[in-house]
There are 2 protein chains.
Amino acid sequence: MSDEPGLRERKKQRTRQALSDTAVELFLKRGFDQVSVADVAAAVEVSKPTLFRYFPAKEDLVLHRIADHQGEAARVVSGRTAGQSPLGALRAHFHERLEAHDPITGLNDNPTVRAFNDMVYTTPSLLARLVRYSGRDEELLAGALVEASGSDALTAGLAAAQIITVHQRLARENWRKLADGRGVGEALPEAHADADRAYDLLGAGLGAEFDR
Amino acid sequence: MSDEPGLRERKKQRTRQALSDTAVELFLKRGFDQVSVADVAAAVEVSKPTLFRYFPAKEDLVLHRIADHQGEAARVVSGRTAGQSPLGALRAHFHERLEAHDPITGLNDNPTVRAFNDMVYTTPSLLARLVRYSGRDEELLAGALVEASGSDALTAGLAAAQIITVHQRLARENWRKLADGRGVGEALPEAHADADRAYDLLGAGLGAEFDR
DNA sequence: AATCTTTTGTTACTCGGTTGCATTTTCGGG
DNA sequence: CCCGAAAATGCAACCGAGTAACAAAAGATT
């Protein structure tokens, strides 16, 4: 039973891709707020309602790529190797993503990726929408943490919130390094150090610094 | 030099107040999304552009009250009594707010306050806007923490992010307790315990639970 | 009272997003 | 191969948030 996608499904995928690609291209060229959804629809030769049947909001034309990463933290925890702690697995994974120059770490100097990150981090409506995605991410991670360590829901929830928050700060920090004109060669070691600092803090708490 | 506000200024304050009050009243009665800004403007007998001269967005008709609390965490740290740690001051302050049934803690069973919180926590656009306010709060707290403990910007930024995040979770948790039908009498002790748990975790880190 | 400045109302517009309905396109079975 | 159901699209009109331009009104100043 080969389940070929079928013509209809293939066309849909192509339209979806065309919409997202064209949109991002236009947004990067002229700015997110300077391009209307009608412009995007016209460029793809599709009607406005059709565009919204594919993407529920203008922001999603940009963010669905990031949204695809959803649940990554939870998966890392669930899929960690035996004997590894949840926090250890997350730390290791973050270093890996950094080393791979994964765009979501903010550390990638491909011009297009950089422009993309600039756009996301400087456009309020995109940032706002991004937060909603993180909310889901947080829930999933909380679930994985309960599973992994048997802690109560509140503790796991608090931990998940802190971890996701820290990831966001780190990514933003990395983006800022590049935005300030530093090169990846210079920024990467700093980013690793920052990540270690952040995870040390997560693990050992704020007490040593802020409770004496 | 008595600097009386002057008629103009007084009128402006009154209009602003009327807009906010009327808006909240209508929103609570019929739902945030079921009331248009035109409705609010009409009810106050003011034109739509005038409304937007007072509040930059519909959401701010609701949130400006919360926004007025902005920088509270930073102030608590800056204004802590001698010999008190930043974290200790914040913890104590949170318990105080809880005891005072401050609406921002989520724990208040006045029907209007409850309806207000229900609205804020269940309306995505309000939630999104709230996040932006917290962002500012976070920056301010980070600044205060640098001042207070001489830590570097990254550490202070991470700490501030974690603290603000935890406050949000606690408030949301408290709101949920009430939303689930529990009374304040029952929920308050739990809320204190939750807060202690959260601050213990903040101080001592996630290591003990998630790094073994 | 005359004037200057700030605030307001009116009208009209842009843009994101939705709705209803007719039309086209794909799929599936005979 | 054809025909009908189901899905996807287009069209046109609409709603609500927010803004721009400009004229009218009201408070402040001398």
Side-chain angles (χ1 to χ4, degrees), chain A residues 1-20 22-24 26-27 30-64 119 123-130 132, chain B residues 1-20 22-24 26-27 30-64 119 123-130 132:
Chain A
M1 41 179 76
S2 71
D3 68 74
E4 300 260 340
L7 175 54
R8 183 139 70 198
E9 203 56 31
R10 260 180 293 145
K11 268 199 166 179
K12 273 173 61 174
Q13 293 309 328
R14 232 183 307 141
T15 303
R16 185 181 167 84
Q17 197 63 40
L19 280 170
S20 169
T22 310
V24 170
L26 291 177
F27 292 158
R30 306 193 340 237
F32 184 78
D33 293 317
Q34 275 61 57
V35 177
S36 74
V37 294
D39 292 339
V40 176
V44 184
E45 292 183 300
V46 147
S47 74
K48 198 168 55 144
T50 295
L51 183 153
F52 282 108
R53 281 178 199 117
Y54 283 91
F55 296 93
K58 185 185 184 187
E59 288 77 20
D60 295 311
L61 285 163
V62 174
L63 296 180
H64 79 101
M119 174 171 70
T123 307
S125 64
L126 288 174
L127 231 34
R129 192 109 187 153
L130 204 49
R132 284 171 58 173
Chain B
M1 48 176 73
S2 74
D3 74 71
E4 301 260 337
L7 175 54
R8 182 139 68 198
E9 202 57 29
R10 261 180 293 147
K11 269 199 166 180
K12 273 172 65 177
Q13 293 309 327
R14 234 185 305 145
T15 303
R16 186 182 168 82
Q17 197 62 40
L19 280 169
S20 169
T22 310
V24 170
L26 291 177
F27 293 158
R30 300 179 4 222
F32 184 78
D33 292 317
Q34 275 61 57
V35 177
S36 75
V37 295
D39 293 339
V40 176
V44 185
E45 293 183 296
V46 146
S47 73
K48 197 168 56 146
T50 295
L51 184 155
F52 281 109
R53 281 176 201 122
Y54 282 91
F55 296 93
K58 185 186 183 186
E59 288 77 18
D60 296 311
L61 285 164
V62 174
L63 297 179
H64 80 100
M119 173 171 73
T123 307
S125 65
L126 287 175
L127 231 36
R129 192 108 186 155
L130 203 49
R132 283 172 59 177

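The basis for the numbers below is simple: all heavy atoms, side chains too, and nothing from hydrogens, waters or symmetry mates. In what follows, chains are A, B, ... by sequence order, proteins preceding strands, each numbered from 1.
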TODO: Flag the pair Leu126(B) / Leu130(B) as yes when at least one side-chain heavy-atom distance between them is below 4.5 Å, and no otherwise.
DONE: no

- [ ] Round to a whole Å and report the spacing from CG of Asp33(B) to C1' of dT18(C).
- [x] 14 Å

TODO: For the pair Thr123(A) (side chain) and Met119(A) (backbone), establish whether a donor and an acceptor sit closer than 3.5 Å, ignoring hydrogens and angles.
DONE: yes

Open item on the list: Expressed as a whole number of angstroms, how long is the span from Tyr54(B):OH to dT6(C):P?
Closed with: 14 Å

Task: Nearest-neighbour nucleotide for the Thr50(B) side chain, dT8(C), dT9(D), dT18(C) considered - done: dT8(C)

Task: Lys12(B) side chain, from C-beta outward: closest of dT7(C), dG16(C), dT18(C) - done: dT7(C)

TODO: Grab the NZ-P distance between Lys58(B) and dC15(C) for me, whole Å please.
DONE: 21 Å

Task: Residue that, paired with Lys11(A), satisfies side chain to side chain contact (heavy atoms under 4.5 Å, CB included) out of Glu9(A), Arg14(A), Gln13(A) - done: Arg14(A)

TODO: Please check if the side chain of Lys58(B) supplies one atom and the backbone of Phe52(B) the other of a donor-acceptor pair under 3.5 Å.
DONE: no

TODO: Assess Lys12(A) against Tyr54(A): is NZ or CZ under 6.0 Å from the centre of the six-membered ring, and within 45 degrees of the ring's axis?
DONE: no

Open item on the list: Categorize Gln34(A) for me: base, sugar-phosphate, or nothing, with a 4.0 angstrom heavy-atom threshold over every strand shown.
Closed with: nothing

TODO: Determine the contact category for Val35(B): base if any of its heavy atoms lies under 4.0 Å from a base atom, sugar-phosphate if only primed atoms, P, OP1 or OP2 are that close, otherwise nothing.
DONE: sugar-phosphate

Task: Nucleotide of dG10(D), dT25(C), dT10(C) approaching Lys11(A) most closely (side-chain heavy atoms) - done: dT25(C)

Open item on the list: Quick check on DNA chain C: between Pro49(A) and Val37(A), whose nearest nucleotide comes earlier from the 5' end?
Closed with: Val37(A)

Task: Atom-to-atom span, CG of Leu51(B) to C1' of dT10(C) - whole angstrom - done: 16 Å

TODO: Would you mind classifying the nucleic acid contact of Ser47(B) as base, sugar-phosphate or nothing, using non-hydrogen atoms under 4.0 angstrom?
DONE: base

Task: Distance-only donor-acceptor test, Arg10(B) side-chain atoms vs dG27(D) base atoms, 3.5 Å - done: no

Open item on the list: Using the side-chain heavy atoms of Phe52(A), tell me which of these nucleotides is nearest: dT19(D), dT18(C), dA26(D).
Closed with: dT18(C)

Open item on the list: Should the side chain of Lys48(B) and the base of dG9(C) be counted as holding a donor-acceptor pair, with the cut-off at 3.5 Å?
Closed with: no

TODO: Take atom CZ of Arg14(A) and atom C1' of dA8(D), then tell me their distance rounded to the nearest Å.
DONE: 14 Å

Task: Residue whose nearest DNA chain D nucleotide is more 5′ - Ala57(B) or Thr15(A) - done: Thr15(A)

- [ ] Using whole Å, report how far CD of Glu9(B) lies from C1' of dG27(D).
- [x] 12 Å

TODO: Rounded to the nearest angstrom, tell me the gap between atom CG in Leu61(A) and atom C1' in dG16(C).
DONE: 12 Å

Task: Under 3.5 Å donor-acceptor pair, Arg53(A) side-chain atoms to dG10(D) base atoms - done: yes

- [ ] Kindly point out which of dT8(C), dA28(D), dG16(C) is positioned nearest to the side chain of Arg8(B)?
- [x] dA28(D)

TODO: Mind calculating the distance between CZ (Arg16(B)) and C1' (dT8(C)) to the nearest angstrom?
DONE: 17 Å

Task: Main-chain N/O of Ala18(A) paired with Thr22(A) side-chain donor or acceptor, under 3.5 Å - done: yes

